[in-house]
Number of protein chains: 2
Amino acid sequence: MQNSVTIQTIDGIGDIQPGDDLAQILISAMDKTELYIEDGDILVIAQKVVSKAEDRYVALKDIIPSTEALALANKVNKDPRKIEVILAESKGVLRAVIHAGQSEGIVITEHNLGFVCANAAVDESNIDQKDTLLLLPVDPDASARALRDRLEEAYGVRVGVVITDTFGRPWRMGLVNVAIGLAGVPAKVDLAGEKDAFGRPLAVTAPALADELAAASGLLMAKDGKKPALIFKGVNWQSEVSSALDLVRPLKEDLFR
Amino acid sequence: MQNSVTIQTIDGIGDIQPGDDLAQILISAMDKTELYIEDGDILVIAQKVVSKAEDRYVALKDIIPSTEALALANKVNKDPRKIEVILAESKGVLRAVIHAGQSEGIVITEHNLGFVCANAAVDESNIDQKDTLLLLPVDPDASARALRDRLEEAYGVRVGVVITDTFGRPWRMGLVNVAIGLAGVPAKVDLAGEKDAFGRPLAVTAPALADELAAASGLLMAKDGKKPALIFKGVNWQSEVSSALDLVRPLKEDLFR
């Protein structure tokens with residue numbers, strides 16, 4: 001068992017534009033700051049820069065809200081065009097409420113990819129154009145794999161990639177980053193069959209490794225969007241074919257939808 | 001803004017017994033491995049060792065289940081004495097179900113402290129006595145403050161303390177550690193009023209710093225219970241009077257109870 005982990009920001013990435021070669025930008029930034037990638041290092045990167053590079057922008061002026069969007073927008077006091085985009089990104093709405101004293105309500109949906117989160121993870125902060133929204137990557141695992149392949153090619157070692165977004169949580173206040181796209185890094189680590197310190201079988205405990213990495217990234221990812229990518233060194237992991245969708249609890253096992 | 005964080009295990013802690021001077025054990029272990037505490041370092045420690053030192057053991061043979069416990073135990077196929085302990089630790093039960101094909105069901109409760117979690121955080125793994133349960137500390141914030149005071153006295157610098165437990169989550173698979181006791185370290189960091197990278201006000205985003213630290217600790221805390229304490233170096237935080245209870249979402253704001 002290793003005894004330390006280091007998390008390092010990749011500095012000097014700058015604003016990402018649609019069509020940018022994100023992998024090359026990361027590699028150049030790491031070269032400039034003499035950040036050396038070693039075997040088993042993990043890149044943890046914010047969804048926002050991946051979505052920007054993939055041009056996942058939507059202009060509000062191009063959106064015509066449906067009747068359903070207009071009704072829901074009225075209920076929660078949000079821009080109907082934004083609600084239209086949220087609904088288009090979602091399989092269904094879990095909750096839509098406005099609390100007394102709040103100017104804008106909350107819409108919790110099941111994203112088309114399966115993630116349950118607020119506003120279908122549609123983003124309107126840290127975007128350089130006003131009246132523009134930013135959607136999740138079409139296939140965040142594929143985005144992660146593409147970055148991983150480029151990094152492994154550049155450095156000749158095994159690299160893992162985690163793409164994160166910032167979600168709220170039931171029961172607990174405050175936001176943490178979670179994994180929405182994975183390459184190589186296991187979503188969770190199944191410990192069933194292993195023994196505890198007293199030699200008794202561990203109950204089914206599966207640490208959500210990818211979400212541990214994502215949450216840890218929040219310690220260094222500046223919320224102003226200027227530190228969107230980090231390198232983790234020293235994490236104990238075995239490469240596997242993985243998907244962040246393995247972190248989505250199946251509906252039939254979920255007691256809180 | 002700092003650009004790296006290091007997480008280091010405190011090695012050689014050994015099994016903790018009721019009445020042990022946990023702070024002294026940590027200090028001695030750090031001395032032996034030449035782990036130097038610097039200003040702003042944060043101790044993240046698993047609830048289990050804190051509860052053991054505080055003798056929060058309950059022997060099942062001493063428990064007489066109530067009628068309510070017997071009925072619930074029958075519903076979810078658990079030991080009625082364990083259910084009795086869970087109920088005594090809880091303000092109320094949110095869900096109690098058994099899924100087809102599972103030998104034992106799930107009981108989600110609101111712990112007397114306010115945390116919503118499975119089995120009132122009552123623990124039966126990594127305990128050296130069979131037929132024994134381990135409860136949360138009576139007041140985890142007070143436990144954290146006591147450790148913090150001893151560490152600050154020993155090293156003469158500002159130290160933060162986070163006590164963690166491992167909770168499951170609605171919507172997402174796998175387990176992550178969360179903060180259940182705090183000293184000095186803010187539960188969350190309010191960014192309202194700050195600006196994003198494009199100079200526009202950030203929407204209300206409050207990173208749950210204590211839970212980011214807790215989740216990150218899972219990267220190094222061995223699940224066999226042998227690495228229950230870590231030191232974080234390089235985290236950007238301001239000391240405040242804090243409580244892990246600030247991470248509990250108030251019932252009236254919680255859409256998923």
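Within every chain, numbering begins at 1; the chains are lettered A, B, ... in the order of the sequence lines, protein sequences first and strands thereafter.
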Heavy-atom cut-off 4.5 Å, strictly under: side chain, backbone, both or neither for [X] against chain A?
X: Lys252(B); answer: backbone
X: Asp246(B); answer: backbone
X: Glu110(B); answer: neither
X: Ile231(B); answer: neither

Checklist line | Contact origin within Ile10(A) toward chain B - heavy atom pairs under 4.5 Å | finding: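 Nothing of Ile10(A), per the 4.5 Å heavy-atom cut-off to chain B.
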Note to self: Is Val97(A) in contact with chain B via its backbone, its side chain, both, or neither, using a 4.5 Å heavy-atom distance?
What the structure shows: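 Contact with chain B: side chain only.
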Nearest heavy atoms of [X] and [Y], plus distance in Å:
X: Leu94(A); Y: Trp171(B); value: CD2-NE1, 4.3 Å
X: Pro250(A); Y: Met173(B); value: CD-SD, 3.6 Å
X: Glu212(A); Y: Leu175(B); value: OE2-O, 4.3 Å
X: Gln8(A); Y: Ser4(B); value: OE1-CB, 3.8 Å
X: Arg172(B); Y: Arg249(A); value: O-NH2, 3.1 Å
X: Ala216(A); Y: Leu219(B); value: CB-CD1, 4.4 Å

Shorter than 4.5 Å, heavy atoms on both sides: which option in [options] has the most such pairs with chain B?
options: Leu251(A), Ile106(A), Asp211(A), Val176(A); result: Asp211(A)
options: Val178(A), Leu209(A), Leu230(A), Val248(A); result: Val178(A)
options: Gly168(A), Ala179(A), Cys117(A); result: Ala179(A)

Item checked: Interface residue of largest heavy-atom contact number with chain A, from Ser217(B), Ala214(B), Ala208(B), under 4.5 Å ->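 Greatest number of close heavy-atom pairs with chain A: Ala208(B).
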Item checked: Atom pair CZ (Arg95(B)) and CG (Asp254(A)), whose distance is rounded to the nearest 0.5 Å ->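 It is 9.5 Å, given to the nearest 0.5 Å.
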Check: Taking atom NE2 of His99(A) and atom CD of Glu253(B), what is their separation to the nearest 0.5 Å?
Finding: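 Reported value, rounded in 0.5 Å steps: 6.0 Å.
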Notebook entry, point to check: Is atom NZ of Lys32(B) surrounded by more than 12 heavy atoms (other residues, nucleotides or ligands) closer than 6.0 Å?
Noted result: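 No.
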Note to self: How about CD on Gln238(A), more than 12 heavy atoms from neighbouring residues, nucleotides or ligands closer than 6.0 Å, or not?
What the structure shows: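 Result for CD/Gln238(A): open.
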